[in-house]
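Everything below concerns the one structure shown next.
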Amino acid sequence: MPQITLPDGSQRDFDKSVSVMDIANDIGPGLAKATLAGKVDGNLVDASFVIENDAKVAIVTSRDDAALELLRHDAAHVMAQAVQELYPGTQVTIGPAIEDGFYYDFARQDPFTPEDLVEIEKRMREIVKRDLPIVREVMDRETAKQTFADIGETYKVEIIEEIIPEGEEVSIYRQGEWFDVCRGPHLPSTGKLGDGFKVMKVAGAYWRGDSKNEMLQRIYGTAWPDKKQLKAYLHRLEEAEKRDHRKLGRQLELFHLHEEAPGSVFWHPKGWTLFNLLINYMRKRQEDAGYIEVNTPDVMDRSLWETSGHWENYREHMFSTQTEDERVFALKPMNCPGSVLMFAQGLKSYRDLPLRMAEFGKVHRYEPSGALHGLLRVRHFTQDDAHIYCTEAQMEQECIDVIALVLDIYKDFGFEDVVIKFSDRPENRIGSDKIWDKLEAALTNALDSMQLEYQTFPGEGAFYGPKLEFVLRDAIGRDWQCGTLQVDMNLPERFDIAYVAEDGDRHRPVMLHRALFGSLERFFGILVEHYEGKFPVWLSPVQAVVMNITDKQAPYVEKVEKMLKNQGIRTISDLRNEKVGFKIREHTLQRIPYMLVVGDREVEEERVAVRSLGGEDLGSLAIDKFVDLVQQ
RNA sequence: GCUCAUAUAGCUCAGGCGGUAGAGCACUUCCUUGGUAAGGAAGAGGUCACUGGUUCGAUUCCAGUUAUGAGCACCA
């Protein structure tokens, strides 16, 4: 005799066990029709779930976020059914809901073609139209294994054997003839899927996410409660494509990449100007925060990398070179060993600590070819790296200062929404557990004392120490990992560095590794996409363009250009024999913040007519007034 | 690195079931001197990514290589 409590607090009594759907029916037929699933004591369940005892129940309809995940999961099942109907012999493996949609991994000899995807989507729509009831049933392990073995689904057998915990019941969901092992829950029938879905693309994916395993074919789709939301999503994708930094990099003449140097950037004048603005900005911030700046060699002897452990751990990802005398050198993949040598040079006192040593270090990493992606993943990049040498007692405060600095810097670029990830000791590591305990505590204590939220990623730390990663959310909600902070007592040990303490003995310092932009190249790419190429004035490679209307004003334009440049404003002139409308259009497409038009009137009055990038007429200004406007 | 796809003018792309290619924009020259998102005309520009194979003949078909794209794996 369950008593059901609804979200509004009202209670309903039933004289026998009831399903979620029964409850919805009891409330009203309209609600029953809209019912997709239920939440019983906080757990998402099928609408057919039967409740025996008193419970808190919420009806899930298409308005609930929870329903969207079910919808996407259903879409994966419907797609799998469509594929198996169309391509008999194809094995199904797994197919979860993901952000914005779903995928399903299939094992099949022949690759799916783009035409196949069209057919699959068509068949999915048919299956939706059939409105097959989705029914849950429970099997014992052996029966389930046999059932799937009988129809040749070897991957499903492996899932039942190895992924579903011993003792847990195996649930099967059926829709028509087709069925799948699945924990659920699901929607009541395939018809509930509606028409807000689309099959997107096919790609490879390793079975169980392990590159040692065979590669399956993964088909991705997107699914939404209705067609309108699907359309909105597709529109968002188009918008994101427009701000792709690779595309804008070409259009705005910032940089290019070349086949002869995969993963390395050719910086064009405008891109390089912006790149240097970022460096200058960071240099200033670091100086204010008590850092010193140094520079260490790019190519160093193999023995250094053996000492640091990189040769052992990352050798295949390093660029190395052998000289005529058969000595092996490596291009630095990191700055830390160089920094340590810098610290080791000369005797350090406790009075020197904390020693915050920064370097804009150019590093080379032989990244797997498939990992390369525009500026976001390159083989040659510049880190705004720094290593802080301090005592154990100073370690936590230094962490706090770094975290505060990085968050403040991101704000200057409009990134307010920063996710912090904490990664602790990995399996493959150097140093004792006792040391790792201290290091991990330093990071988490710092975060706790700053009352910052963070996510923990077990086992994801660097081989020499735990790390924090700072993930930026950009203007259109995408996440990018940028800054990092790592604490390390292992490299100091390996390199046997020390400082002289108050007691006159030598002590081992702690080493903090930190980068705030992370990779200048990557941060650059993110900024391009974040601002859609419309950089704030202080970052714009070209801040103003002066253009004439007729040849007559050319000398005045040149004079204005010179005056502005003398004031430190990055200015170009456009004296081409083109109409002013044409020039405006071009410089607008080039995202120049201020366009200064000069005709006879302006020459006469010693002024410029100012137009903003947004098309706003800022009126006719004297040159010094315009300078004030830019510099404010 | 793995799967699939792609590679034609500086850029964006069309084309050809095998007989050495075309548009728009950009570029050059000329006309035009025009007040806030495209004025007009003419011209120049390509070993159709690279290397092999099939063929009388390959940019087109096949194979390999390289690069790029979407994912997967990786990311000190």
Side-chain angles (χ1 to χ4, degrees), chain A residues 103 105 110-114 116-117 200-220 244 246-247 250-251 253 256-263 305 308-318 332-337 363 365-374 376-379 381 383 426 428-430 460-465 467 469 481 484 486 488 491 513 518-519 522 547-554 577-590 595-602 609-613 615-618 620:
Chain A
Y103 68 76
D105 286 349
D110 300 324
F112 290 111
T113 64
D116 292 341
L117 297 190
M200 301 293 280
K201 61 196 172 196
V202 62
Y206 296 108
W207 167 234
R208 299 180 76 171
D210 190 333
S211 59
K212 287 190 213 66
N213 291 341
E214 64 274 29
M215 183 145 279
L216 306 170
Q217 295 189 64
R218 174 173 297 178
I219 303 181
Y220 283 93
D244 189 310
R246 293 166 296 188
K247 199 170 182 161
R250 202 181 306 114
Q251 285 168 2
E253 301 167 43
H256 83 270
L257 297 158
H258 198 276
E259 191 172 334
E260 308 295 347
W305 307 107
S308 70
H310 287 97
W311 193 260
E312 196 191 340
N313 284 288
Y314 289 101
R315 182 182 170 174
E316 64 278 23
H317 296 295
M318 287 168 69
K332 65 177 175 187
M334 296 208 78
N335 302 300
C336 1
V363 296
R365 297 179 181 178
Y366 192 66
E367 301 286 6
S369 55
L372 302 179
H373 180 98
L376 302 184
R377 192 80 184 272
V378 288
R379 286 191 175 144
F381 61 100
Q383 291 180 313
N428 200 352
R429 62 177 183 263
I430 55 178
E460 304 269 307
F463 70 87
Y464 50 73
K467 65 179 178 185
E469 284 168 346
Q481 188 198 305
T484 169
Q486 299 156 20
D488 175 12
L491 277 187
H513 308 243
S519 149
R522 164 178 283 202
M547 57 191 101
N548 55 347
I549 289 172
T550 71
D551 290 345
K552 235 192 317 174
Q553 302 95 26
N577 175 14
E578 297 289 352
K579 293 198 166 167
V580 71
F582 178 86
K583 294 184 186 180
I584 294 276
R585 175 182 154 80
E586 258 192 15
H587 299 302
T588 301
L589 291 175
Q590 285 294 312
M595 281 161 268
L596 313 182
V597 178
V598 167
D600 287 338
R601 275 205 301 278
E602 286 74 21
V610 183
R611 178 190 161 112
S612 74
L613 178 54
E616 198 185 348
D617 182 2
L618 301 178
S620 179

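Letters A, B, ... are given to chains in the order of the sequence lines, protein chains preceding strands, and every chain is numbered from 1.
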Which comes earlier along RNA chain B counting from the 5' end, the contact point of A:Val598 or that of A:Asp210, where each point is its nearest nucleotide?
-> A:Val598

Using the closest heavy atom to pick a nucleotide of RNA chain B for each, name whichever of A:Gly374 or A:Ile549 lands nearer the 5' end.
->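 Counting from the 5' end, the first nearest nucleotide belongs to A:Ile549.
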
Whole Å only: how far is the [atom1] atom of [X] from the [atom2] atom of [N]?
{"X": "A:Phe112", "N": "B:G71", "atom1": "CZ", "atom2": "P", "result": "19 Å"}
{"X": "A:Glu367", "N": "B:A67", "atom1": "CD", "atom2": "C1'", "result": "17 Å"}
{"X": "A:Glu460", "N": "B:A76", "atom1": "CD", "atom2": "P", "result": "9 Å"}
{"X": "A:Arg585", "N": "B:A37", "atom1": "CZ", "atom2": "P", "result": "11 Å"}
{"X": "A:Asp244", "N": "B:U68", "atom1": "CG", "atom2": "P", "result": "14 Å"}
{"X": "A:Asp110", "N": "B:A5", "atom1": "CG", "atom2": "P", "result": "11 Å"}
{"X": "A:Gln481", "N": "B:A76", "atom1": "CD", "atom2": "C1'", "result": "12 Å"}
{"X": "A:Leu372", "N": "B:C2", "atom1": "CG", "atom2": "C1'", "result": "15 Å"}

Output a table of nitrogen or oxygen pairs between the protein and nucleotides 23-30 of chain B separated by less than 3.5 Å.
none

Checking all strands, does [X] fall into the base, sugar-phosphate, or nothing category for heavy-atom contacts under 4.0 angstrom?
{"X": "A:Val580", "value": "sugar-phosphate"}
{"X": "A:Thr550", "value": "base"}
{"X": "A:Lys247", "value": "nothing"}
{"X": "A:His587", "value": "nothing"}
{"X": "A:Asn313", "value": "nothing"}
{"X": "A:Asp617", "value": "nothing"}
{"X": "A:Tyr103", "value": "nothing"}
{"X": "A:Gly209", "value": "sugar-phosphate"}
{"X": "A:Gly370", "value": "base"}
{"X": "A:Arg601", "value": "base"}
{"X": "A:Pro262", "value": "sugar-phosphate"}
{"X": "A:Pro111", "value": "sugar-phosphate"}

Sort out the partner of [N] for me: Watson-Crick or G-U wobble, both distances under 3.5 Å, none otherwise.
{"N": "B:G1", "answer": "B:C72"}
{"N": "B:U47", "answer": "none"}
{"N": "B:U29", "answer": "B:A41"}
{"N": "B:U55", "answer": "none"}

Could you work out which one of [options] sits closest to the side chain of [X]?
{"X": "A:Lys579", "options": "B:G34, B:A73, B:A76", "result": "B:G34"}
{"X": "A:Leu589", "options": "B:G35, B:A37, B:A76", "result": "B:A37"}
{"X": "A:Arg218", "options": "B:C72, B:U66, B:A76", "result": "B:C72"}
{"X": "A:Ala609", "options": "B:G35, B:U3, B:C75", "result": "B:G35"}
{"X": "A:Ala203", "options": "B:G34, B:A76, B:G71", "result": "B:G71"}

Check this one for me: any side-chain N or O of [X] less than 4.0 Å away from OP1 or OP2 of [N]?
{"X": "A:His373", "N": "B:U68", "value": "no"}
{"X": "A:Lys201", "N": "B:G71", "value": "yes"}
{"X": "A:Arg246", "N": "B:A70", "value": "yes"}
{"X": "A:Ser369", "N": "B:G1", "value": "yes"}
{"X": "A:Arg611", "N": "B:A37", "value": "yes"}
{"X": "A:Arg250", "N": "B:U12", "value": "yes"}

Will you find, in the side chains of A:Gln217 and A:Asp105, an N or O donor that is under 3.5 Å from an N or O acceptor?
->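 Judged by distance alone, the side chains do not pair up.
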
Going by distance alone, is a donor N or O of one side chain under 3.5 Å from an acceptor N or O of the other, for A:Thr588 and A:Gln590?
-> no

Is it the case that the base of [N] and the side chain of [X] share a donor-acceptor contact (distance under 3.5 Å, atom types as modelled)?
{"X": "A:Tyr206", "N": "B:G1", "value": "yes"}
{"X": "A:Arg377", "N": "B:C75", "value": "yes"}
{"X": "A:Glu602", "N": "B:G35", "value": "yes"}

Which residues share a salt bridge (charged side-chain N to carboxylate O under 4.0 Å, His left out) with A:Glu602, sequence neighbours left out = none

Flag the pair A:Trp311 / A:Met318 as yes when at least one side-chain heavy-atom distance between them is below 4.5 Å, and no otherwise.
-> yes

Do A:His513 and A:Lys467 come close enough that some side-chain heavy atom pair is under 4.5 Å?
->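 With C-beta onward as the side chain, the pair stays apart.
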
Can the positive tip of A:Arg429 be found less than 6.0 Å from the middle of the six-membered ring of A:Phe463, inside 45° of the ring normal?
-> no

Over-ring placement of A:Arg522 relative to A:Phe381, 6.0 Å and 45° cut-offs |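 No, cation not above the ring by the 6.0 Å, 45° rule.
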
Measure the acute angle between the ring planes of A:His310 and A:Tyr314, then classify it against the limits of 30° and 60° as parallel, tilted or perpendicular.
-> tilted

Given the P atoms of B:C2 and B:G15, what is the spacing between them in whole Å?
-> 32 Å

Between A:Arg208 and A:Asp210, is there a side-chain N and carboxylate O pair less than 4.0 Å apart?
->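 Not counted as a salt bridge, because no side-chain N and carboxylate O are separated by less than 4.0 Å.
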
Salt bridge A:Asp617-A:Arg611, side-chain N to carboxylate O under 4.0 Å | no

Roughly how far apart are A:Lys583 NZ and A:Met595 CE, rounded to 0.5 Å?
-> 13.0 Å

